[in-house]
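One structure below.
These numbers come from a predicted model, not from an experiment.
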Amino acid sequence: MKGLGELERTVMEVCWAREEAGVVPATARDVSRALADERDLAHTTVMTVLDRLAKKGFLDRERDGRAWRYRPSASREGYVTELMLGALNETGDRDAALAHFVRSVSQDEIDALRQALDELTQEPPA
């Protein structure tokens, strides 16, 4: 999965936040309003970015009258996972890259990794 540009990432953050809050998929106007305090963007710019993100597969869209409603195709965590896996694929030594990564994370993150690994390795109930 390809990375996002700065504006694309900002728009995706709005869409991910709405989905996490259980709010209906966003229209271009919803996204424009959400960004109004932090960015001075033309409505047409937001529409173009949403359209581009849908064509790239980051957003799903559906018609709602004359407007489109957009929702993320994958979660924020799913997107970051794809970025991390892509970075690992770029190295010649995945084991070394993983070991270096683990040495650079905090104790809380190590605990989260241990918990995730424990959950993966547990036997399913019979």
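- More than 12 heavy atoms of other shown residues, nucleotides or ligands fall within 6.0 angstrom of atom NE2 in His43.
- Among residues two or more places apart in sequence or in another chain, the side chain to side chain donor-acceptor pair (under 3.5 Å) test is passed with Glu62 by none.
- Residues Gln107 and Asp111 bring a donor and an acceptor atom of their side chains to less than 3.5 Å of each other.
- Taking both residues in full, the closest heavy atoms of Arg66 and Arg63 are given as O-NH1, 2.8 Å, listed atom of the first, atom of the second, then distance.
- In this model, a donor atom of one side chain and an acceptor atom of the other lie less than 3.5 Å apart for Glu109 and Ser106.
- In the hydrophobic clustering of ILVMFWY residues, with side-chain heavy atoms under 4.5 Å counting as a link, Val24 and Val31 come out apart.
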Test log, rule side chain to side chain contact (heavy atoms under 4.5 Å, CB included), inputs Leu4 and Leu53: CA-CA 9 Å; Leu4 296 169; Leu53 288 167; 3.7 Å; yes
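- Minimum heavy-atom separation, Arg18 to Pro25: NH2-O, 3.7 Å.
- Around CG of Asp118, the count of heavy atoms belonging to other residues, nucleotides or ligands within 6.0 Å exceeds 12.
- In this structure the side chain of Leu41 reaches within 4.5 angstrom of the side chain of Leu7, judged on heavy atoms.
- Residues Met12 and Arg9 have side chains not in contact (no heavy-atom distance under 4.5 Å, counting atoms from C-beta outward).
- In this structure, Leu59 and Arg71 have side chains that are not in contact, with every pair of non-hydrogen atoms separated by 4.5 Å or more.
- Look at Arg39 and Glu6 and you find a salt bridge, because one of the NZ, NE, NH1 or NH2 atoms lies within 4.0 Å of a carboxylate O, short of that distance.
- For residues 85-99, every residue pair satisfying the side chain to side chain donor-acceptor pair (under 3.5 Å) rule, not counting sequence neighbours, is listed here: Asn89-Arg94.
- We find that Arg76 and Glu20 are joined by a salt bridge, their nearest charged nitrogen and carboxylate oxygen being less than 4.0 Å apart.
- Within the 4.5 Å cutoff, no side-chain heavy atoms of Asp30 are placed close to those of Val14.
- In summary, of the residues considered (Trp68, Tyr70, Phe58), a side chain to side chain contact (heavy atoms under 4.5 Å, CB included) with Leu50 occurs for Tyr70 alone.
- You'll find the side chain of Arg29 stays beyond 4.5 Å of the side chain of Val46, heavy atoms only.
- By the 30° and 60° cut-offs, the orientation of the rings of Trp16 relative to Tyr79 is tilted.
- Between the side chains of Asp51 and Thr48, not a single donor N or O lies within less than 3.5 Å of an accepting N or O.
- When side chains are defined from C-beta on, Leu35 counts as touching Glu38, because their heavy atoms get closer than 4.5 Å.
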